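Presented below is the structure to which this report refers.
Per chain, numbering begins at 1; letters A, B, ... match sequence-line order. Remember, it's a predicted structure, so these values are computed and weren't measured experimentally. No hydrogens, no waters, no symmetry mates; every other heavy atom, side chains included, goes into these values.
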2 protein chains.
Amino acid sequence: MRRVSAPRTARARVRAQLTTEIADVARTHLATDGAAALSLRAVARELGMASSAVYRYFPSRDDLLTTLIVDAYDALGDAAERAEAAVARDDLRGRLRAACAAARDWALTHPHEYSLLYGSPVPGYAAPETTIAPAGRVGLLVTGIVADGLASGALTPLPGGADVIEPRALADVGLTDDPTRAALVVAAWSGLFGAIGFELHGHTHNVVSDHAAWFRGVVDTHADALGLP
Amino acid sequence: MRRVSAPRTARARVRAQLTTEIADVARTHLATDGAAALSLRAVARELGMASSAVYRYFPSRDDLLTTLIVDAYDALGDAAERAEAAVARDDLRGRLRAACAAARDWALTHPHEYSLLYGSPVPGYAAPETTIAPAGRVGLLVTGIVADGLASGALTPLPGGADVIEPRALADVGLTDDPTRAALVVAAWSGLFGAIGFELHGHTHNVVSDHAAWFRGVVDTHADALGLP
DNA sequence: CGCCTCGACAGAGCAATGCTCTCGTCGGTT
DNA sequence: AACCGACGAGAGCATTGCTCTGTCGAGGCG
């Protein structure tokens with residue numbers, strides 16, 4: 001949420017304060033009513049200010065949404081990273097399980113925020129540059145687990161590996177010599193969020209009885225595909 | 001789209017006609033502008049009628065959306081079923097590949113409709129009963145492939161199988177004696193739409209270079225997990 | 001210490017939305 | 001032929017995002 005690092009003047013300080021205050025109120029509205037119902041006027045009302053005053057802090061509703069999106073990505077990333085960090089480094093499968101379970105928990109506790117991130121994009125909203133870095137955190141986390149396995153020798157590169165993954169992305173995460181597994185990582189990543197989305201949006205209603213157990217199975221299926229011991 | 005089977009009177013016929021006409025215009029708006037931008041008034045304008053007149057045919061915007069959703073589910077289901085039907089019955093993996101590829105193609109050609117089905121639910125919109133049957137068609141299709149394999153002996157039931165899937169759903173699709181595989185089917189189903197959604201919503205931007213090949217890999221991973229020969 | 005500029009805010013206003021209500025009108029039925 | 005009900009139009013209400021104009025107060029400069 002911090003917009004600028006050092007609020008020098010008192011003016012700037014109170015401005016930063018109000019900015020976060022607006023974002024906080026907006027976040028609660030988002031959490032209770034969903035993204036599409038997020039009304040700038042309602043936020044202003046709750047803050048006791050005129051709707052036009054909010055525009056001094058956020059040039060448009062989309063900008064407000066952007067900061068909420070970035071915050072949500074960060075919260076989700078934090079949750080997953082914290083859970084994953086608590087597991088022994090050489091327990092690759094355990095790290096994946098922990099990260100995935102934390103992501104699911106976060107999604108279940110923040111359904112509307114999750115939908116904002118991984119559901120249909122908001123109409124007329126084009127994700128700006130600032131969102132792409134936080135968006136990759138969970139993917140990076142999974143990638144890191146696999147990269148660790150390769151580095152320690154617990155995993156050996158898989159054969160094949162056509163040009164499905166961007167070489168640039170491959171190099172960034174140190175998986176240049178195992179592109180096949182990189183593709184599997186992306187598959188696991190998307191499958192993970194597909195499973196969470198299905199549960200969240202009710203597509204498994206009357207089909208899955210124990211969602212937690214089913215999700216664990218999904219994660220283990222991906223762990224098997226990745227060859228995690 | 002057909003609302004009632006036999007329009008007896010001329011009145012009923014012209015009514016049915018106008019009803020589908022409204023839905024058709026709404027569908028084009030949905031296809032071009034997305035679900036949230038679908039405006040009842042804009043549809044009425046394009047049809048040259050007062051906005052209030054539309055309410056004689058659809059009691060609310062949500063009802064219009066519901067018929068669009070049902071139609072979209074049916075179109076997606078049709079596409080997948082047609083593609084799958086063209087493959088030799090004993091080629092289980094080929095059938096899965098065909099169905100999945102068709103689903104992806106349909107999603108890429110109808111992104112907004114796809115988002116309406118598998119993206120975040122529209123705010124304040126509660127999916128009525130009528131949507132759940134068409135929604136399950138693609139899942140049923142995948143299930144049918146596995147069930148065929150079990151019936152022909154190409155597949156043998158997997159061990160284990162905790163109570164993760166609803167017994168009722170298990171019985172409905174004839175997978176009572178292979179609950180483990182049923183859970184894998186649901187996993188494949190959700191993973192499939194997770195992958196499509198990732199591609200569609202740009203989460204794999206700068207990561208995946210060849211989406212078609214990557215998607216084939218995802219499908220084959222699930223086919224492997226399901227044990228398809 | 002006084003002035004003055006600039007940021008902050010409020011309110012009115014515009015175009016648009018979903019939905020309701022009322023009021024004519026025309027078609028099909030008894 | 002009379003009538004009843006479906007149909008369509010128009011006005012209206014509450015709401016939204018966003019802009020514009022005017023006013024006030026606090027901070028900086030002379």
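Side-chain proximity of Arg41(B) to dA8(C), dT20(C), dG18(C): nearest is dG18(C). Nearest nucleotide to the Tyr55(B) side chain, out of dC9(C), dT19(D), dG18(C): dG18(C). Closest contact between the side chain of Arg61(B) and the listed nucleotides dA8(C), dA9(D), dG18(C) involves dG18(C).
As a whole-Å value, the separation of Leu65(B) CG from dT17(C) P is 15 Å. Note: CD1 (Ile22(A)) to P (dA8(C)) measures 11 Å, nearest angstrom. In this entry the distance linking CG of Asp33(A) with C1' of dT15(D) reads 14 Å, nearest Å. In this structure, Phe58(A) atom CZ and dC9(C) atom P are separated by 13 Å, rounded to whole Å. Atom-to-atom, CZ of Arg15(A) to C1' of dA26(D) comes out at 16 Å; the value is rounded to the nearest Å.
Toward the 5' end of DNA chain D, the nearer of the two residues Val14(B) and Leu40(A), judged by each one's closest nucleotide, is Val14(B). If Ala53(A) and Ser51(B) are placed on DNA chain C by their nearest nucleotide, the residue sitting closer to the 5' end is Ala53(A).
If you check distances only, the side chain of Ser52(B) does reach the base of dG10(D) with a donor-acceptor pair under 3.5 Å.
No donor-acceptor distance shorter than 3.5 angstrom exists from the side chain of Arg45(B) to the backbone of Leu40(B), with no hydrogens or angles considered. With Thr143(B) contributing its side chain and Val173(B) its backbone, the two residues share no donor-acceptor pair below 3.5 Å.
Between Tyr57(A) and dC9(C) there is a side-chain N or O to OP1 or OP2 distance below 4.0 Å. Listed pair Arg45(A) / dA10(C) fails the phosphate criterion, with no side-chain N or O lying under 4.0 Å from OP1 or OP2. Using a 4.0 Å cut-off, no side-chain N or O of Arg56(B) falls inside it from OP1 or OP2 of dC7(D).
Between His201(B) and the choices His205(B), Glu199(B), His203(B), the side-chain contact (heavy atoms from CB on, under 4.5 Å) rule is met once, by His203(B).
Note on Leu64(A): nothing from the nucleic acid sits closer than 4.0 angstrom, heavy atoms only. At a threshold of 4.0 angstrom between heavy atoms, the contacts of Leu47(A) with the nucleic acid are absent.
Taken from CG in Asp210(B) to CZ in Phe215(B), the straight-line distance is 13.0 Å, to the nearest 0.5 Å.
Under the 6.0 Å distance and 45° angle rule, Arg137(A) does not count as a cation-pi partner of Tyr73(A).
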